[in-house]
Undergrad: 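Before we start, here is the structure in question, set down as structure tokens.
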Amino acid sequence: MAGNSQRRNRRTSNKKGAQVGSGGKRRRALEGKGPTPPASARKGHVKNRAANAKAKQAANRRPAPRRGGAKGTAELVVGRNPVVEALREGVPATTLYVQQFIDNDERVREALQLATERGLNLLEAPRPELDRMTNGLNHQGLVAQIPPYEYAHPEDLAAAAFDDGEDPLIVALDGVTDPRNLGAVVRSVSAFGGHGVVVPERRAAGMTAGAWKTSAGTAARTPVARATNLTRALESYQKAGLTVVGLAADGEVELQDLQVLDGPVVIVVGSEGKGLSRLVGETCDVRVRIPMPGGAESLNAGVAAGVVLWEAARRRG
């Protein structure tokens with residue numbers, strides 16, 4: 001009997017399967033762990049290290065420009081001479097309205113030719129319709145439609161310069177309400193290698209047909225940004241490493257003594273009469289004056305910006 005009992009114990013101990021008390025751990029250990037992760041996700045793998053380095057570079061990279069700034073409002077250019085001049089200067093019109101049975105003089109013929117060459121929409125309209133569109137202005141049978149200007153975001157200007165490996169050179173206008181002054185500044189920025197112009201959203205000139213004409217076509221390649229709050233925009237530029245230079249008749253530094261124009265800089269120009277507003281003036285890192293031996297009290301915004309931009313271009317060149 002003892003021998004039979006030992007044989008039964010041996011058979012029991014050799015029996016395959018989980019022993020009592022294992023809790024099925026051995027069975028779970030045999031279960032699959034899912035598909036093998038890609039090399040880039042396996043810790044210690046060369047591809048994983050490369051992916052981590054790439055992610056770190058992306059996190060440290062300068063944020064992408066915030067495209068799509070505010071839009072202006074649509075505009076109508078009214079009258080034969082203004083329409084012809086606007087088309088000559090490359091103002092971005094989209095449609096030319098021509099009155100039915102209009103007297104076909106030289107200006108009308110030139111307007112039609114320019115519109116055709118540029119691929120504008122040509123629409124014939126009765127006089128009452130043109131009267132309604134222009135609120136009764138003396139349109140003389142010609143009306144050009146200008147679409148809303150698409151402003152850049154202020155951060156776009158500095159970001160684009162940095163992306164090109166250049167130090168930003170930007171002009172900001174404070175309280176400049178004449179579109180012709182804005183157009184002249186845009187022209188000077190383009191001429192001296194600047195990266196754009198910033199204007200406030202309120203109480204300031206915008207990119208109207210008049211500004212386009214004064215810019216002599218340079219507005220097509222020089223971005224204009226619109227800032228909701230000019231002071232905050234300047235503070236943002238300072239955080240990005242730009243020096244904010246304000247032009248003021250009582251500035252503490254003369255232009256020839258200013259040492260920052262060969263680096264990243266924003267030149268702030270105020271109105272001819274009032275100059276810089278208080279908050280903008282207090283935000284500037286330095287205020288500079290343009291020496292005027294002739295005794296003039298001030299320069300208009302377009303001329304003042306052109307003088308400083310020329311000096312900046314000279315030092316950068």
Undergrad: May I ask you to say whether R88 pairs ionically with E85, meaning some side-chain N is under 4.0 Å from a carboxylate O?
TA: no

Undergrad: Mark yes or no for whether S188, through its side chain, and V185, through its backbone, hold a donor-acceptor pair below 3.5 Å.
TA: no

Undergrad: Would you give the length of the straight line joining atom CD of E124 to atom CZ of F101, rounded to the nearest 0.5 angstrom?
TA: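 So the gap between those two atoms works out to 7.0 Å.
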
Undergrad: Determine, step by step, whether M207 and L182 satisfy the side-chain contact (heavy atoms from CB on, under 4.5 Å) criterion, reporting the C-alpha distance in whole Å, the side-chain angles of both residues, the deciding distance to 0.1 Å, and the verdict.
TA: CA-CA 8 Å; M207 283 304 298; L182 171 57; 3.7 Å; yes

Undergrad: Taking atom CZ of R118 as the centre, report whether more than 12 heavy atoms of other residues, nucleotides or ligands fall under 6.0 Å from it.
TA: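 Yes.
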
Undergrad: Tell me, with the steps shown, if M133 and Q145 meet side-chain contact (heavy atoms from CB on, under 4.5 Å).
TA: CA-CA 10 Å; M133 287 175 55; Q145 186 174 48; 5.8 Å; no

Undergrad: Could you list the donor-acceptor pairs under 3.5 angstrom formed by side chains in residues 166-175, with sequence neighbours left out?
TA:
residue, atom, partner, partner atom, Å
E166, OE1, H195, NE2, 2.7
D174, OD2, S277, N, 2.7
D174, OD2, S277, OG, 3.0

Undergrad: Go through it in stages, so that I can follow the logic: the residues are R289 and L247, the test is side-chain contact (heavy atoms from CB on, under 4.5 Å), and I'd like the CA-CA distance, side-chain angles, deciding distance and then a yes or no.
TA: CA-CA 6 Å; R289 63 182 184 274; L247 300 190; over 6 Å; no

Undergrad: Would you mind checking if R109 and E106 are paired as a salt bridge, meaning a charged N to carboxylate O distance below 4.0 Å?
TA: no

Undergrad: Should E110 and R107 be marked as a salt bridge (Lys or Arg N to Asp or Glu O under 4.0 Å) after you check the CA-CA gap, both sets of side-chain angles, and the distance that decides it?
TA: CA-CA 5 Å; E110 183 176 0; R107 292 168 298 175; over 6 Å; no

Undergrad: Where do C284 and V245 come nearest, in terms of heavy atoms and distance?
TA: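 Heavy atoms of C284 and V245 come nearest at SG-C, 4.4 Å.
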
Undergrad: Among T283, D285, T243, which residue meets the side chain to side chain donor-acceptor pair (under 3.5 Å) test with Q238?
TA: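 Single side chain to side chain donor-acceptor pair (under 3.5 Å) partner of Q238 among T283, D285, T243: D285.
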
Undergrad: Give the cluster check for L120 versus V143: same hydrophobic cluster or not, with ILVMFWY residues linked at side-chain heavy-atom distances below 4.5 Å.
TA: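 The answer is no; the residues belong to distinct hydrophobic clusters.
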
Undergrad: Please give me the minimum heavy-atom distance between P179 and G206, naming the atom from each residue.
TA: CB-O, 4.3 Å

Undergrad: Quick one: do V84 and W212 end up in the same hydrophobic cluster if we chain Ile, Leu, Val, Met, Phe, Trp and Tyr together by side-chain heavy atoms under 4.5 Å apart?
TA: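 The answer is no; the residues belong to distinct hydrophobic clusters.
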
Undergrad: What is the minimum heavy-atom distance between A184 and T214, and which atoms define it?
TA: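 What the structure gives for the nearest pair is N-CG2, 3.7 Å.
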
Undergrad: Please check if atom CZ in R187 has more than 12 non-hydrogen atoms from other residues, nucleotides or ligands closer than 6.0 Å.
TA: no

Undergrad: Walk me through whether L112 and L96 qualify under side-chain contact (heavy atoms from CB on, under 4.5 Å).
TA: CA-CA 8 Å; L112 291 171; L96 178 65; 4.2 Å; yes

Undergrad: Could you tell me whether a side-chain N or O of Q140 sits under 3.5 Å from a main-chain N or O of R80, the two making a donor and an acceptor?
TA: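 The answer is yes, because a donor-acceptor pair under 3.5 Å joins these two groups.
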
Undergrad: Could you tell me whether K239 and E235 make a salt bridge, using a distance below 4.0 angstrom between a side-chain N and a carboxylate O?
TA: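 No, no charged N to carboxylate O under 4.0 Å.
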
Undergrad: Donor-acceptor pairs under 3.5 Å, side chain of residues 260-269 to any protein atom, not counting sequence neighbours: which ones?
TA:
none

Undergrad: Taking only residues two or more places apart in sequence, or in another chain, which ones meet D103 in a salt bridge (charged side-chain N to carboxylate O under 4.0 Å, His left out)?
TA: none

Undergrad: Does one hydrophobic cluster hold both V176 and L279, with members joined at side-chain heavy-atom distances below 4.5 Å?
TA: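 They do not share one cluster, since no chain of ILVMFWY contacts under 4.5 Å joins V176 to L279.
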
Undergrad: Indicate yes or no for a side-chain donor-acceptor contact from Q259 to the backbone of D257 under 3.5 Å, with no hydrogens or angles considered.
TA: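 Yes; judged by distance alone, with no hydrogens or angles, the pair exists.
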
Undergrad: Under a 4.0 Å threshold between the charged nitrogen and the carboxylate oxygen, would K213 count as salt-bridged to E89?
TA: no

Undergrad: Does a side-chain heavy-atom distance below 4.5 Å link T222 with S215?
TA: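 Of all side-chain heavy-atom pairs linking S215 with T222, none is under 4.5 Å.
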
Undergrad: So which heavy atom on P92 is nearest to which on I146, and how close?
TA: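 Reported closest heavy-atom pair: O-CG2, 4.1 Å.
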
Undergrad: Could you tell me whether a side-chain N or O of T134 sits under 3.5 Å from a main-chain N or O of L130, the two making a donor and an acceptor?
TA: yes

Undergrad: Is a donor on one side and an acceptor on the other found under 3.5 Å between the side chain of E252 and the backbone of R287?
TA: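 Pair found, side chain donor or acceptor close to backbone of R287.
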
Undergrad: Please give me the minimum heavy-atom distance between L230 and P200, naming the atom from each residue.
TA: CD2-CG, 4.1 Å

Undergrad: To the closest 0.5 Å, what do you measure between CZ (R180) and OG1 (T208)?
TA: 10.0 Å

Undergrad: Hydrophobic cluster membership, with links at side-chain heavy-atom distances under 4.5 Å among I/L/V/M/F/W/Y: are V83 and Y97 in one?
TA: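 Result: no, two separate clusters.
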
Undergrad: Is S236 reaching over with its side chain to a backbone N or O of R232, donor-acceptor style, under 3.5 angstrom?
TA: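 No, the answer is negative, given that no donor and acceptor are paired below the 3.5 Å cut-off.
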
Undergrad: Let me confirm one number: the OG-CG distance from S271 to L276, rounded to the nearest 0.5 Å.
TA: 8.5 Å

Undergrad: Quick one: CG on L255 to CE on M292, what's the gap to the nearest 0.5 Å?
TA: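 So the gap between those two atoms works out to 11.0 Å.
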
Undergrad: Is there a side-chain contact between N300 and V303 (heavy atoms, below 4.5 Å)?
TA: yes

Undergrad: According to a 4.5 Å side-chain heavy-atom criterion applied to Ile, Leu, Val, Met, Phe, Trp and Tyr, with indirect links allowed, do V98 and L87 form part of one hydrophobic cluster?
TA: yes

Undergrad: Any Lys/Arg nitrogen of E201 or R226 sitting under 4.0 Å from an Asp/Glu carboxylate oxygen of the other?
TA: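 Looking at E201 and R226, the cut-off is not met.
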
Undergrad: Between E75 and A209 (side chain of the first, backbone of the second, donor and acceptor by atom type, cut-off under 3.5 Å), is there such a pair?
TA: yes

Undergrad: Indicate the atoms forming the closest heavy-atom contact of Q99 with H139, along with that distance.
TA: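 For Q99 versus H139, the nearest heavy atoms are OE1-CE1, 3.4 Å.
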
Undergrad: State whether the side chain of Y237 and the backbone N or O of P154 hold a donor-acceptor pair below 3.5 Å, judged by distance alone.
TA: yes

Undergrad: Would a distance-only check, ignoring hydrogens and angles, find a side-chain to backbone donor-acceptor pair under 3.5 Å from D156 to H153?
TA: yes

